[in-house]
Novice: 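Below are the structure tokens for one structure; questions will follow.
The chains referred to below are lettered A, B, ... by the order of the sequence lines, with proteins before strands, and numbering in each begins at 1. Here the structure is a predicted model, which is why all the values come from computation and not from measurement.
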Amino acid sequence: MDILGIFRAEANRRLSNAGINGTVEPAKEGFGDFTFPCFPLAKELRKNPAAIAKELAEKIEPGTYFEKIEAVGPYLNFHISTKKLNEMTIQAILSRKLYAEPVREKIVLEHTSANPTGPLHVGRARNPIIGDTMARILRAYGHEVEVHYFVNDAGMQVATLLWGIKNLPTIQRHEKCDHALVRNYQTASKLASEKHEIEMEIRELMKRYESGDEELRKLAKEKVGCVLKGIQDSLERLNIKIDRFVWESELIPKAKEIALLLKEYVEEEEGAYYLNLKKMGIELQKNKFFLYRSDGTTLYFLRDIAYHMYKGELANILIDVLGEDHKLHFQAIKEVVEKLNPEISVSPLFYSFVRLPEGKMSTRKGTVVYLDDLIDEGKEKALEILKERNYTEQEMDEIAERIATSSIRFAILNIQEEKPIVFRWEKALSFEGESAPFVIYTYARACSILRKSEEKTSIDYTRLTHTQERKLIKLMAQYPDIIKQAVNNLSPYVMAKYALALAMQFNQFYRDCPVLNAEPELKNARLALVKAFKEHMGTILKILGLATLEKM
RNA sequence: GGGCGCGUGGCCUAGCAUGGAUAGGGCACCAGCCUUCUAAGCUGGGAGUCGCGGGUUCGAAUCCCGUCGCGCCCGCCA
């Protein structure tokens with residue numbers, strides 16, 4: 001239920017009844033709830049806009065939906081009835097009617113798909129955090145979402161990893177596979193770039209692997225699987241769950257079928273084959289996309305088309321969360337896939353890279369900060385703070401882990417996806433200001449108030465007249481607009497900003513409006529508001545994948 | 001060279017799609033607030049030519065053109 005939408009429609013109806021062809025806009029703070037700027041009418045009516053606003057204000061009746069409709073300079077400002085807004089919003093939240101529109105489209109959302117050659121580093125971490133949050137937003141909006149991870153076990157870097165495992169000693173300390181085996185990968189990769197014959201050996205492995213060599217398949221399944229398990233464990237710490245892992249090697253037969261389907265657009269160059277997009281009527285920056293190497297093995301572009309066609313069998317709407325380096329690749333994939341199956345629509349959610357102050361992160365070069373290390377560091381920091389409070393050892397550990405992972409999630413989500421991030425430890429693990437603990441803290445404060453009170457049944461919503469109460473309620477009523485915006489723009493950060501706004505406003509309310517010490521009628525009404533806030537903030541925290549801590 | 005993205009106080013960031021009423025936050029800094037619902041909080045303060053130059057408009061951080069800086073891509077890597 002879109003409560004503000006109801007009021008907006010009422011305002012527009014009044015304008016139209018007054019013979020005005022136009023609609024209201026949200027007003028700036030201090031100028032009511034909606035506004036109608038009269039500038040555009042000025043030309044038409046040959047009157048000054050302020051005079052027009054004044055006339056309209058006299059003509060239009062506020063009715064029960066509005067407290068007043070007044071002219072302020074050239075603007076016609078609409079003030080929503082506080083009583084009606086309070087009652088509708090709080091009741092909607094408490095009966096959970098503010099949420100879940102009945103949309104229910106099936107969507108496959110792919111995120112992360114990091115090469116299984118080593119642990120996730122913080123550069124990569126932007127992908128799963130954005131992707132997972134986007135999936136949560138889509139679900140909250142009412143869609144049915146299946147989250148995918150495309151496991152690249154068929155590319156050159158996996159052949160490099162396998163070569164490293166076969167030819168180099170694996171030094172297994174007390175650590176996960178991803179951390180242990182990445183050293184083999186790094187060394188192998190270094191050797192390959194230095195010695196041509198090693199590169200040739202890796203290419204040979206690649207060929208054997210793709211042609212279905214039993215020994216290699218077994219080795220890959222085991223080792224890549226183990227690295228992947230390490231990645232999956234890191235994701236789980238961040239509260240991220242993948243619904244389906246799709247292994248690239250298993251799509252090779254399908255990829256070859258698709259190549260045949262496209263054969264009239266395929267051309268040969270020195271034994272290798274590429275797709276000529278121009279021939280398909282597609283004009284991009286680059287039109288030559290290679291499908292097969294000259295040794296007959298498939299390339300990522302072809303396999304990715306096959307994967308998207310496969311996803312298209314599961315759902316018509318596909319969303320890919322991708323780094324900015326994939327823009328051209330994605331454009332080509334989208335064009336080809338949508339041409340092959342016009343039922344499918346593929347949309348990207350691009351994000352910019354996370355860099356270190358010294359420059360780019362690279363697993364191959366080892367210039368990385370691993371996600372696991374970042375989480376551990378954050379946990380230590382949280383424990384420092386928690387030591388001064390009364391918690392059992394186990395509680396402390398649990399809360400610290402959730403504070404650390406929530407903070408990392410929020411630090412990523414609080415920046416517009418297409419802006420570059422320079423990674424700084426202190427920023428990623430900040431516990432104050434615009435941070436996860438700040439947001440979660442308001443939730444815990446609300447919980448604390450509710451713990452110390454009893455449930456009341458009859459509530460007089462007219463008692464909530466304080467400006468902070470009204471602001472908080474209106475902000476909550478804005479939720480349907482916010483989630484719609486996040487969905488339409490495929491932009492999780494919209495939701496992070498909303499969480500911050502809610503938290504800040506609750507703190508204002510908390511400061512100015514005592515709840516437990518208020519006189520009985522007011523206390524009951526405020527308790528209902530706090531309850532609604534707790535429910536609402538809880539919903540938002542879950543959408544962001546953050547911890548909902550009742551105590552902290 | 002071409003394509004795409006980003007450029008807002010010392011640092012980070014919102015607003016740009018749908019142009020409007022004092023450019024909103026955070027960090028850091030300075031001064032305050034815990035015998036009253038959790039101080040991971042709150043209040044106040046200083047600090048801004050919205051990269052630069054044109055244009056459109058009654059009005060531009062927002063739209064258009066140009067320009068500079070940074071990032072990414074332009075591979076028989078993914």
Novice: Side chains of A:Y479 and A:D2: any donor to acceptor distance under 3.5 Å?
Specialist: no
Novice: By a strict heavy-atom criterion of less than 4.0 Å, which residues belonging to residues 354-363 of chain A are in contact with RNA chain B?
Specialist: A:K360
Novice: Taking atom P in both B:A28 and B:G66, compute the distance separating them and give it to the nearest angstrom.
Specialist: 43 Å
Novice: Does the plane of the ring in A:Y351 sit parallel, tilted or perpendicular to the ring in A:F353? Use 30° and 60° as the thresholds.
Specialist: perpendicular
Novice: May I have the distance from A:F34 (atom CZ) to B:G20 (atom P), rounded to whole angstrom?
Specialist: 17 Å
Novice: Has A:Y75 got its ring stacked on the base of B:A21, with centres under 5.5 Å and planes less than 30° apart?
Specialist: yes
Novice: Take atom C1' in B:G46 and the same atom in B:G41, then report the distance between them in whole Å.
Specialist: 23 Å
Novice: So A:Q416, base contact, sugar-phosphate only, or nothing? Heavy-atom distance under 4.0 Å.
Specialist: sugar-phosphate
Novice: Taking the inter-plane angle between the rings of A:W425 and A:F423 on a 0 to 90° scale, is it parallel (under 30°), tilted (30 to 60°) or perpendicular (over 60°)?
Specialist: perpendicular
Novice: Across the strands shown, which category fits A:Y300 at heavy-atom distances under 4.0 angstrom: base, sugar-phosphate, nothing?
Specialist: base
Novice: Could you tell me if A:K497 and A:N414 have a donor-acceptor pair between their side chains, going purely by distance under 3.5 Å?
Specialist: yes
Novice: Can A:F353 be classed as stacking with the base of B:G71, given a centroid separation cut-off of 5.5 Å and a plane angle cut-off of 30°?
Specialist: no
Novice: List the protein contact pattern of nucleotides 25-33 of chain B with one symbol per nucleotide (5' to 3'): B for base contact, S for sugar-phosphate-only contact, - for none; contact means a heavy-atom distance under 4.0 Å.
Specialist: BSSS-----
Novice: Given that both pair distances must be under 3.5 Å and the pair must be Watson-Crick or G-U, what runs of three or more consecutive pairs involve RNA chain B?
Specialist: B:1-7 with B:68-74, B:10-13 with B:24-27, B:29-33 with B:41-45, B:51-55 with B:63-67
Novice: With syn defined as a glycosidic angle within 90° of 0 and anti as everything else, classify B:C42.
Specialist: anti
Novice: Mind checking A:N77 for me? I need base, sugar-phosphate or nothing, with any heavy atom below 4.0 Å counting as a touch.
Specialist: base
Novice: Using 30° and 60° as the class boundaries, would you call the ring planes of A:Y273 and A:Y292 parallel, tilted or perpendicular?
Specialist: perpendicular
